[in-house]
Number of protein chains: 2
Amino acid sequence: MPGQNTKRHAGVPRDSGCLSCYLKALCIPANLSSCEKQLFSQVVTTCVGLDKRAVLVSQGARFDSLYAVRTGFLKQETALDGAEQLLTALWFPGDIIGSDAIGLGRYPGTVSALESSTLCKLPFDSFLALAHELPQLYQYLHYNLSLAMHEERMSLHQLLCRTAEARLACFLLSISDCFRRRGYSSRHFRLPLSRQDIGNYLGLTQETVGRTLAAYQAQRLLRIEGREYQLLDLSRLEQMASSTGRRQKRR
Amino acid sequence: MPGQNTKRHAGVPRDSGCLSCYLKALCIPANLSSCEKQLFSQVVTTCVGLDKRAVLVSQGARFDSLYAVRTGFLKQETALDGAEQLLTALWFPGDIIGSDAIGLGRYPGTVSALESSTLCKLPFDSFLALAHELPQLYQYLHYNLSLAMHEERMSLHQLLCRTAEARLACFLLSISDCFRRRGYSSRHFRLPLSRQDIGNYLGLTQETVGRTLAAYQAQRLLRIEGREYQLLDLSRLEQMASSTGRRQKRR
DNA sequence: CGACTAGTTGAGGACCATCAACAGAGGTGG
DNA sequence: CCACCTCTGTTGATGGTCCTCAACTAGTCG
């Protein structure tokens with residue numbers, strides 16, 4: 001349904017071979033032989049390009065494909081019946097979009113690009129058909145779904161009983177870790193999210209997010225210029241992130 | 001590792017045939033033919049009995065089996081480095097325990113029985129071997145992992161920006177729905193959790209949980225006697241549960 | 001009986017949502 | 001060029017929510 005998208009790239013479908021993709025160590029084919037990667041490549045039908053702010057899938061649309069992120073940065077927003085808008089997921093290069101839609105049969109939120117991005121589309125039917133030949137693909141699916149569920153559960157349960165200060169520290173550190181695992185700097189990165197987006201992700205208001213970040217800067221824990229973040233004191237951030245309970249005990 | 005358990009049933013291994021189990025419509029074999037259920041039955045090696053408070057698996061133990069709940073009620077507690085203790089999952093009859101351990105290779109929390117319970121043990125190796133024959137089992141796994149991830153994500157993201165009042169209403173309604181789906185009363189049930197447990201699940205303190213429940217009773221929304229809960233006004237509870245944002249706007 | 005656990009109640013104050021006003025950046029049109 | 005709008009982010013005042021600490025009751029177990 002390309003018509004639904006507000007903006008799109010001219011669609012430069014890059015050579016979509018997984019063999020030559022520099023993300024192959026992060027993405028699905030990681031533990032396939034090169035012969036199997038060749039097979040897998042055939043499932044990757046198109047390489048989708050998205051401009052900044054362009055919509056990949058709309059909330060409620062029927063699920064048919066997973067997408068692997070090649071370049072860029074995407075978010076998922078889920079609207080509830082009220083005026084409420086939750087930011088329910090963020091994706092980096094190497095991540096798979098859509099694994100929360102398999103069970104539901106519909107995409108549970110609107111996915112859009114935070115920067116211009118390129119993605120590999122994996123039609124789920126073809127994926128399952130291939131998985132019948134290559135059980136490693138099934139395994140990949142279990143392991144990753146299970147791991148994602150566990151990590152999501154742990155981090156959200158932790159956030160539930162944390163102050164705004166600790167929630168933001170958790171958030172920045174997990175973003176930092178995402179960049180680190182992908183070979184970028186863990187201390188200096190661009191995070192193209194508004195204060196409002198961050199607030200929607202963490203269950204805080206934009207004012208609180210702004211004030212807390214300002215307090216961090218005053219304490220020389222980090223430096224922010226626009227949407228560029230520079231983490232200056234990772235160990236103290238970690239300390240704040242894991243500070244137990246909602247409040248500091250009085251002494 | 002039965003030796004790790006503090007208490008156990010004498011181990012009455014009931015006839016473990018899935019064909020005769022009255023939960024078969026809820027549990028994994030739901031969409032298998034009766035011939036395939038027969039095959040599946042052979043994977044279900046033992047029927048484990050647990051006394052109240054007995055431990056099924058300890059946090060950090062190596063993952064080897066899923067467990068299906070036949071009767072009873074279980075919880076998972078995860079200890080973090082601090083003194084923090086989170087209640088990260090609850091399971092009812094028909095639920096599968098351990099799907100958050102597949103990716104990690106270890107059980108992420110200590111699972112114990114809130115009432116005396118019986119479970120079917122499904123060694124994961126055998127499960128995968130059988131799934132190679134019966135791809136429906138793989139499908140079952142994907143669909144349910146994906147659905148569980150999505151529901152967990154949505155409910156926890158909602159809780160993040162809700163007041164104690166709304167969090168508790170969400171919690172009670174979701175428990176009520178669990179009972180309804182299993183054919184029990186959705187308005188009158190026994191919930192063998194302490195205030196502390198509920199607080200650990202929702203990110204609140206036991207005092208706040210107690211006070212909020214007392215306020216509900218004063219408003220005739222529900223009645224509590226010990227750990228018996230009777231929901232008197234479901235529609236107003238639903239209204240509180242979905243009340244948007246953290247505070248009521250002033251008028 | 002004392003020891004322990006689960007639950008209740010009250011006082012005080014930390015935390016953060018809310019509302020409002022404002023500043024700067026970027027885009028548009030005349 | 002300027003006037004105007006929108007979007008994003010900042011700052012301040014105010015008060016509701018709920019955490020913390022403490023004291024107390026009731027029930028259970030030895």
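Hydrogens, waters and symmetry mates are skipped; everything else that's a heavy atom, side chains included, is used. We name chains A, B, ... by the order of the sequence lines, and we start the count at 1 in each one.
Legend: ring-ring contact (aromatic ring centres under 6.0 Å, His included) pairs involving residues 206-226 of chain B, not counting sequence neighbours: none detected.
Among residues two or more places apart in sequence or in another chain, the side chain to side chain donor-acceptor pair (under 3.5 Å) test is passed with R187(B) by none. Looking at residues two or more places apart in sequence or on another chain, you find no side-chain contact (heavy atoms from CB on, under 4.5 Å) involving S174(A). Legend: residues meeting side chain to side chain donor-acceptor pair (under 3.5 Å) with Q85(B), ordered by chain and number and at least two apart, are absent. In this view, K75(B) and E77(B), D197(B) satisfy the salt bridge (Lys or Arg N to Asp or Glu O under 4.0 Å) rule, not counting sequence neighbours. With sequence neighbours excluded, the residues that form a side chain to side chain donor-acceptor pair (under 3.5 Å) with D177(B) are R180(B), R181(B). Every side-chain contact (heavy atoms from CB on, under 4.5 Å) that A148(B) has, sequence neighbours left out, goes to M149(A). Not counting sequence neighbours, H150(A) has no partner by the ring-ring contact (aromatic ring centres under 6.0 Å, His included) test.
To the nearest angstrom, C1' of dT10(D) lies 14 Å from CD of Q196(A). Spacing between atom CZ of R162(B) and atom P of dC16(C) amounts to 18 Å, rounded to whole angstrom units. To the nearest angstrom, C1' of dA17(C) lies 15 Å from CG of L160(B). Between the CD atom of E225(B) and the P atom of dA26(D) there is a distance of 17 Å, given to the nearest Å. Nucleotide dT9(C) holds its P atom 12 Å from the CG atom of L213(B), rounded to whole Å. Computed from coordinates, the R211(B) CZ to dC18(D) P distance equals 11 Å when rounded to whole Å. Atom CD in E165(A) sits roughly 8 Å away from atom P in dC16(C) (whole-Å rounding). In this structure, CZ of R195(A) is placed 17 Å from C1' of dC16(C), rounded to the nearest angstrom.
Residue T163(A) has no polar side-chain atom (N or O) positioned under 4.0 Å from OP1 or OP2 of dC15(C). For dA17(C), one of the phosphate oxygens OP1 or OP2 lies less than 4.0 angstrom from a side-chain nitrogen or oxygen of T208(A). One finds no side-chain N or O of S194(A) lying less than 4.0 angstrom from the OP1 or OP2 phosphate oxygen of dT8(D).
Only at 4.0 angstrom or more do the heavy atoms of residues 216-224 of chain A sit from any atom of DNA chain D, so none qualifies.
Here the side chain of A164(A) is nearest to one of dC16(C), dG7(C), dC18(D), namely dC16(C). Of all nucleotides listed (dC19(D), dT10(D), dT11(D)), dT11(D) comes nearest to the side chain of A214(A).
If T212(B) and E207(B) are placed on DNA chain D by their nearest nucleotide, the residue sitting closer to the 5' end is T212(B).
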Enumerate the protein-to-nucleotides 21-27 of chain C contacts in which both atoms are nitrogen or oxygen and the separation is below 3.5 Å.
none

For a quick test of your reading: what N or O donor-acceptor pairs under 3.5 Å do the side chains of residues 218-230 of chain B make, sequence neighbours left out?
{"unit_1": "R223(B)", "atom_1": "NH2", "unit_2": "Q230(B)", "atom_2": "OE1", "d": "3.3"}

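Between the side chains of S235(B) and D233(B), at least one donor N or O sits under 3.5 Å from an acceptor N or O. A donor and an acceptor atom, one from each side chain of T118(B) and T71(B), are located under 3.5 Å apart. One side chain, T88(B) or Q76(B), offers a donor N or O that lies under 3.5 Å from an acceptor on the other.
Axis orientation changes by 30° from one end of the helix from dC1(C)-dG30(D) to dG30(C)-dC1(D) to the other, with each end axis drawn from 5 pairs and the value rounded to 10°.
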